[in-house]
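First the structure, in the form of structure tokens, and then the observations on it.
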Amino acid sequence: DSFTSSPAIQFRNHLLHAIIAMQIATGQSNLGLVHHRPYQDTHGTTIFVLVQFIEDYKGFQVPNIKWSSVAKLQRKYPLIDNETGNMESLANTNALELLICDVSNIIHHHVQCSNRLPKGLYLGYLKARLSLASMTVVTSSTLPNVFPHYKIRTNPNISREEWIWLQSLASMDKEVTTSYIDFGNQSLQKNLLPAIEHFLEILNINPEEVEKHQLYIEEVIELNENVTFLLITPEPEHVCTPPGGRDQFDGQYFSHMPISTFELLQLYTYQCNFITNFTMVSSRLDIELLVSQKRMRDAFSKAEISLAKKRHEQLLKFHEKTECVWKQMRWIEIAVQTARNLSNEMRVTIRQLKNKVKVIKRISSSSSSSMTNSSSSAGTLSPSRKLLSSGITPRHITVYPGYETGLPKGIGVKIYVTPSTTSLEVIKFTVEQVEEEQRLRGKQERHIQNRELKDFYLVAILSHSHEESVLHFGFTPLQLLNYSMKYKFVVRRRSVDQYTTDV
């Protein structure tokens, strides 16, 4: 065939013929997975390794093929010192001997790669290493298809409310502090920071470096419907270890793998159908493009040129679509680039997380009769169901103390409110944060007890008319934020006489 003059097509043809020959020789149509490392020697020989597990090997009897134990096979090629475990000089060793010497590692690697993480939401540690040839990432030696990881909870899904909260971490201002409502023991707001601190301690990260680490909030990484990841990275200058550099990830519990290899392993483990179909389509399309280019060069008449060009343009459009799909699946390089960007507006350090996030326990329904009545109807719903049923989006409000605090005039407390946040909770958060600021400034006189909260009330003031409305303890202020009117929120003491109307 005239098209085989292309070196690329010739190489692919040789690979295909070798695969077909192997299928015939073994009687197996499925030859297994390609090992990520080819074996080469100084004589110019390269061996590509395929790994397939056969449960009933005794029933697998093919002429000219003999089964042998790994130990027996390696005794014939004693390249490893049995006492020290070190490989002897391999300068003159051929590729086949190198392969046989490494069989145990190949088997172990593929056994580990076939394992999946249990269902859950995980923290993953993204750390890269640069070399002259490629960029590698740190993986777990016991589970090489994922980053070093730590399980946050069993539920892998991030609710709409939790996602909005994550995004808000990068955009908070510095008004006193910001409080968040705890939606239960499994909420991300409650468990994220303790999980990060424990995870970095397990990784033996220097305590002085912990707060400089970053939380990657550009996206939640979904390996499949059961496993999701939030990524932790070092500070931008240390995301990538330079060539020749060393760090704490050089030990036996970690390994380093080229990004492209890691991506394929991960996709095959967690998105097997996708990667199998995609590689088949992509490979076929690449061959068609090479053939199309050859046809365009060989075309002579106007009709042949026009037909070849039209065919080639059609294939290019298909190729662009497949590249777009592939780019969406390859998120690691984007994450590395983002983590290294000092000017990234979505950058959130662990220090910021500690300073800005205060997880407040939900007020018990028994603390107030009005609180009990307002929450009883929705108390059993999950956060995501509350959001869906209400149709209201969580937002920030700034609440100003309308009583003597000794703090500068106009200072306010920024609070993240949801459809279930009540006026009583807003009052409690505001009073607590004002007291905290008073303590920091040395102005706190005494601590206000929970029973004294009944002496406070929340007022919503219309910006354009200054008309005031008292919000009862069970009222949810977020209802007001979904109207076109703008409100200012103030916490006052009941000792102040106001002409107001209860809402």
Side-chain angles (χ1 to χ4, degrees), residues 1-41 43-54 57 60-67 94-96 98-100 102-103 106-107 109-110 113-114 134 257-269 271-299 307-308 311-327 329-330:
D1 193 295
S2 61
F3 301 133
T4 58
S5 59
S6 166
I9 294 178
Q10 284 183 356
F11 179 69
R12 285 175 179 267
N13 262 337
H14 289 319
L15 281 179
L16 289 173
H17 280 101
I19 290 171
I20 292 170
M22 184 72 75
Q23 288 174 327
I24 294 172
T26 60
Q28 293 286 310
S29 59
N30 183 1
L31 297 178
L33 299 177
V34 179
H35 187 56
H36 69 277
R37 175 190 169 190
Y39 290 82
Q40 298 173 295
D41 59 27
H43 309 296
T45 302
T46 300
I47 299 178
F48 296 101
V49 181
L50 298 170
V51 182
Q52 174 66 300
F53 293 96
I54 298 175
Y57 74 93
F60 181 77
Q61 300 297 331
V62 180
N64 302 321
I65 291 181
K66 181 181 178 181
W67 289 93
N94 63 50
L96 179 60
L98 290 173
L99 166 61
I100 293 173
D102 209 27
V103 163
I106 294 173
I107 294 173
H109 175 82
H110 279 264
C113 284
S114 65
S134 64
M257 193 174 295
I259 288 181
S260 57
T261 302
F262 177 77
E263 288 171 334
L264 288 173
L265 282 176
Q266 192 170 89
L267 285 170
Y268 190 84
T269 305
Q271 298 284 348
C272 186
N273 289 336
F274 165 79
I275 195 62
T276 301
N277 293 328
F278 182 86
T279 51
M280 181 175 63
V281 170
S282 179
S283 179
R284 176 66 184 271
L285 189 55
D286 286 345
I287 293 175
E288 291 290 341
L289 275 169
L290 290 171
V291 172
S292 175
Q293 289 172 352
K294 185 68 170 59
R295 280 184 172 149
M296 286 179 64
R297 290 195 298 268
D298 293 345
L307 184 63
R311 172 65 173 169
H312 189 69
E313 289 175 349
Q314 186 181 38
L315 290 171
L316 284 176
K317 288 181 180 179
F318 290 148
H319 187 264
E320 288 175 2
K321 290 180 179 179
T322 57
E323 285 298 306
C324 183
V325 171
W326 185 233
K327 186 177 181 180
M329 300 299 291
R330 302 186 67 190

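For F274, the CZ atom sits in a packed shell: over 12 heavy atoms of surrounding residues, nucleotides or ligands are nearer than 6.0 Å. Heavy-atom neighbours of M22 CE from other residues, nucleotides or ligands within 6.0 Å: at or below the threshold of 12.
Side-chain contact between L98 and I47 is absent, with no heavy-atom pair separated by less than 4.5 Å.
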**Request:** Please lay out, stage by stage, how D102 and R37 fare under the test side-chain contact (heavy atoms from CB on, under 4.5 Å).
**Result:** CA-CA 11 Å; D102 209 27; R37 175 190 169 190; 3.2 Å; yes
**side-chain contact (heavy atoms from CB on, under 4.5 Å) between L290 and D286, intermediate numbers included** = CA-CA 6 Å; L290 290 171; D286 286 345; 5.6 Å; no
**Prompt:** Going through the checks in order, is the side-chain contact (heavy atoms from CB on, under 4.5 Å) test met by M329 and E263?
**Reply:** CA-CA 9 Å; M329 300 299 291; E263 288 171 334; over 6 Å; no
**Request:** Give the C-alpha distance, both sets of side-chain angles, the deciding distance and a yes or no for side-chain contact (heavy atoms from CB on, under 4.5 Å) between Q293 and R297.
**Result:** CA-CA 6 Å; Q293 289 172 352; R297 290 195 298 268; 4.0 Å; yes
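Going from atom CD1 of I19 over to atom CD1 of I24 covers 12.5 Å, rounded to the nearest 0.5 Å. Separating the CG atom in L267 from the CZ atom in R330 is a distance of 9.5 Å, to the nearest 0.5 Å. To the nearest 0.5 Å, the span separating NE2 on H17 from NE2 on H14 amounts to 9.0 Å. Annotation: the span from L96 atom CG to I100 atom CD1 amounts to 4.0 Å, rounded to 0.5 Å. The line from CD1 of I275 to CG of L265 is 10.5 Å long, rounded to the nearest 0.5 Å. The CD atom of Q271 lies 8.5 Å from the CG atom of N273; values are rounded to the nearest 0.5 Å.
For the residue pair Q40 and T46, a side-chain donor N or O sits within less than 3.5 Å of a side-chain acceptor on the partner.
At least one donor-acceptor pair closer than 3.5 Å links the side chain of T269 to the backbone N or O of C113. The closest donor-acceptor contact from the side chain of T276 to the backbone of C272 lies under 3.5 Å.
Between L315 and E288, the shortest heavy-atom distance links the atoms CD1-O, 3.6 Å. Taking every heavy atom of both residues into account, A95 and Y39 meet most closely at CB-O, 3.7 Å. Counting all heavy atoms, side chain and backbone alike, L50 lies closest to L31 at CB-O, 3.6 Å.
Scanning for side-chain hydrogen bond (donor to acceptor under 3.5 Å, both in side chains) contacts around S292 gives H312, with sequence neighbours left out.
Listed by first and then second residue, the side chain to side chain donor-acceptor pair (under 3.5 Å) pairs that reach into residues 313-327 come to none, sequence neighbours excluded.
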